[in-house]
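Just below is one structure, and these are the notes that go with it.
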Amino acid sequence: MYLQQHPRKKKDDIYNYYSIAESYREDGKSKKRIISYLGALTPEKAQQIRNILKINISADTIVTTIDDLIFEDHWHYLGIAFLNHLWDNEWGLSELFPLPEETSKNRKKDISTGDIAKILTFYRCLDPGSYLNAVDWFKTTACDRIIGIDGMHFNESRIYRELTLIEQQKEKIEQWLYETLKERDDASMRMVFYDLSDSHFEGTKCELASPGRTKSHGFKNKRVILSLLVNSKGEPFSWDILEDYTADVKTLTGNADKWAQKFGFEKITLVFDRGMVSDDNLAHLENKKKYLYITALDKNQLSGIEGINSERFRNFSEETTEKKILSIGLTKYDDNTYYEDLRVDSSNRRHILVFNPDLLKINRKAREMFLKKAIEELKQEKQSLLVAKKSRQVKPTEKKIDAILNKFKVNQFLSYRLEPVVLTGNGGSEVNTFDVVYEKKSDAIKKAMLTDGVWMLVTNICETTEPEEYRLDPMEIIKAYRDKNRVEEGFREVKSFLKFQPTFVYTDEHVRAHYTICILSYLLDVTITNKLRENRIEGVSSVNKVYRILERCEIGKLGLKGEKSRMLKITPMTSVQKNIMEMFNCKYLGMNDYLKSIGVKKM
């Protein structure tokens, strides 16, 4: 039975009358009949009758009051379900981990290694930097229903046991990612980006960590060095924590040999930062034949480059016009970048000179600032020496002044000499000290100004490179080096990975497993980022925005006072949430069939 509405028009107004009707079938045809005419009803009264009639239609329909309705608990749903879709449907990562019976011969495991890896990865994506541990976070989510596990078996001791098994799958995961990425988009694997970064360990000990200076947090007793290799879309396929690290430049050749053996590629273009450049490294890659490379040189490596002709930049300043820049033989790349292809030199390396007026301003302001700060400290040291109470020695004094110049990297721009000074101390004794006489090296500063705003790319890619699809023109080479920020984006995602809970770990395998978890979370993140670049959704500008939007869709547990039974329902999905689901082909996550399979109903 249902409430049927009968609109009636009288003059210019419409009046609604109601009746109770029911549907039935006769001779194979669907018909309806009026059981009772009710006449005019207020909207409130009409809705009350509808609610009463629902009781006869569905056993799930109840009549109650707001006061009797209980909202007992709630769990994050859509963000977890969405990542689960990416993990299994987009990347098939669960297949890379062993089944429970393959890792436990004595007793049946209640939760698989793959499920532990999946949960920890989702935790890293959705709650990075949280002070809650993974077990506490897990209890706030619907992971157990979505993954299909008993949440009672997800605990810290189980996490510890599975970390070793997770790390044992790293080689398999790397190989599978390389092959999958190459099969999906071979062009994205022609050029790969390599970089190093550092982090520090927060625990009490770590076998992989050693004392050293980090780039962002100064000296740390437990520094770790991370390596990462990504394709041209920023998707990771090889990573490691480096032991016995001494300098960036010493890591390249060993890793290059390892990648060639592991992945068996015939040819690949490797893009890496200038900090790894040395003549030996470039020669090693050239001799390998499998590697093409694109990198940049440091300022102190520019002077020997054939054809640089730095004298043409002598009169350049912050006001130099574009016309002047073009007149010295440079070509415009964009509004802030100009270049000249210096071609292949006698060493069979190709150099591309790049000039950026904004960088010129930065270089000159930085030099002026560091010179000013160095002179201020030299003045303080000079004053200290001239009021010394005890005699000073030449070598320690020179060492202290050299440290000031090294600190601000102005050794080549400032010179000094120590002139002996004899002071009279307390009681008439002699105090042998020095006066510091310093001056700017004008010629050195003018020479350095010739390369302000200039940077140099070096590559072994030229017009005769084979296969032909690996050949790049100067603009493509500049773009490739600029695109190395893709690997830097990856490092930003994993930089504080050792703060990642559940607890402090310190064994070699456990720490490496943590890094693997962070890389897998970055893989999911970059999958979302790349999709957003291809298809924009209004108001959704980043992966973090996606997570914040999806977290609003939750599962709630509802019940009635005095009743033991409870039901699970999800909050209605917003239009933006639906758009995200459609973009990633996972609209099913909000449909009845899927929700019913995990014991949940729609609102």
Side-chain angles (χ1 to χ4, degrees), residues 174-175 177-196 227-240 248-249 251-297 333 337 339 341-345 347-354 455-491 526 530:
E174 287 181 319
Q175 189 68 45
L177 284 174
Y178 174 80
E179 293 172 358
T180 300
L181 293 171
K182 188 172 179 62
E183 181 180 348
R184 289 183 179 182
D185 186 358
D186 183 63
S188 74
M189 298 299 285
R190 291 177 193 160
M191 183 178 296
V192 300
F193 300 82
Y194 171 61
D195 202 1
L196 300 176
S227 73
L228 181 60
L229 196 63
V230 306
N231 68 0
S232 61
K233 291 183 176 180
E235 296 161 326
F237 63 93
S238 187
W239 57 93
D240 205 353
D248 289 4
V249 72
T251 69
L252 186 62
T253 55
N255 278 332
D257 292 345
K258 181 178 69 175
W259 298 327
Q261 182 178 3
K262 179 189 296 186
F263 302 120
F265 47 76
E266 295 180 2
K267 183 80 74 174
I268 204 165
T269 300
L270 184 64
V271 184
F272 52 93
D273 190 74
R274 68 187 70 201
M276 302 178 204
V277 175
S278 71
D279 189 67
D280 288 342
N281 281 351
L282 299 187
H284 186 87
L285 295 177
E286 291 159 356
N287 293 334
K288 279 294 178 181
K289 305 300 182 184
K290 291 188 174 186
Y291 281 105
L292 300 169
Y293 62 80
I294 299 172
T295 187
L297 301 177
Y333 177 85
T337 308
Y339 70 91
D341 188 352
L342 302 181
R343 306 292 177 179
V344 177
D345 64 11
S347 66
N348 290 322
R349 291 171 186 164
R350 180 184 183 185
H351 294 89
I352 296 171
L353 181 149
V354 185
W455 50 288
M456 186 74 70
L457 292 174
V458 59
T459 180
N460 59 345
I461 300 171
C462 61
E463 295 175 351
T464 59
T465 295
E466 295 292 343
E468 186 176 345
E469 59 265 27
Y470 284 86
R471 297 175 189 173
L472 300 174
D473 63 35
M475 296 185 74
E476 290 172 320
I477 292 172
I478 294 171
K479 181 181 183 302
Y481 189 74
R482 284 184 166 182
D483 283 348
K484 70 181 177 64
N485 66 352
R486 291 190 180 277
V487 70
E488 292 165 358
E489 288 174 2
F491 274 127
V526 78
N530 287 340

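Just so it is clear, the structure is predicted and the values come from calculations on it, not from any experiment.
A side chain to side chain contact (heavy atoms under 4.5 Å, CB included) with Pro236 holds for exactly one of Asn231, Leu228, Leu229; it is Leu228.
With sequence neighbours excluded, the residues satisfying ring pair (Phe, Tyr, Trp, His ring centres under 6.0 Å) with Phe263 are Tyr178, Phe237. By the side-chain hydrogen bond (donor to acceptor under 3.5 Å, both in side chains) test, Trp239 is found to be paired with Thr516, residues two or more places apart in sequence or in another chain being considered. Phe265 pairs by the ring pair (Phe, Tyr, Trp, His ring centres under 6.0 Å) definition with Tyr291, not counting sequence neighbours.
Annotation for Glu463: atom CD does not count as buried by contact number, only 12 or fewer foreign heavy atoms lying within 6.0 Å. The local environment of CD in Glu466 is crowded, with over 12 non-hydrogen atoms from other residues, nucleotides or ligands closer than 6.0 Å.
Remark: the Arg482 side chain and the Thr337 side chain contain an N/O donor-acceptor pair separated by less than 3.5 Å. Of the N and O atoms on the side chains of Tyr194 and Thr251, at least one donor lies less than 3.5 Å from an acceptor on the other residue.
Contact check on Lys484 versus Asp273 returns a salt bridge, with a Lys/Arg side-chain nitrogen under 4.0 Å from an Asp/Glu carboxylate oxygen. For the pair Glu286 and Arg349, the salt-bridge criterion is met [side-chain N within less than 4.0 Å of a carboxylate O].
Annotation: the span from Leu282 atom CG to Ser347 atom OG amounts to 9.0 Å, rounded to 0.5 Å. Taking CD1 from Ile478 and CG from Leu457, the interatomic distance works out to 6.5 Å, rounded to the nearest 0.5 Å.
Using a 4.5 Å heavy-atom cutoff, the side chains of Leu297 and His351 are in contact. Side chains of Leu177 and Glu235 form no contact here, defined as non-hydrogen atoms less than 4.5 Å apart.
When every heavy atom of Thr465 is checked against every heavy atom of Cys462, the shortest pair comes out as OG1-N, 2.8 Å. Residues Lys233 and Asn530 come closest through the heavy atom pair O-ND2, 3.2 Å. When all heavy atoms are compared, the tightest approach of Gln175 to Lys262 is OE1-O, 2.9 Å. Contact between Asp341 and Pro474 at its shortest, heavy atoms only, is OD2-CG, 3.5 Å. The shortest non-hydrogen separation linking Lys267 to Pro467 is CE-CD, 4.1 Å.
Panel note: side chain Asn281, backbone Leu252; no donor-acceptor pair is recorded below 3.5 Å.
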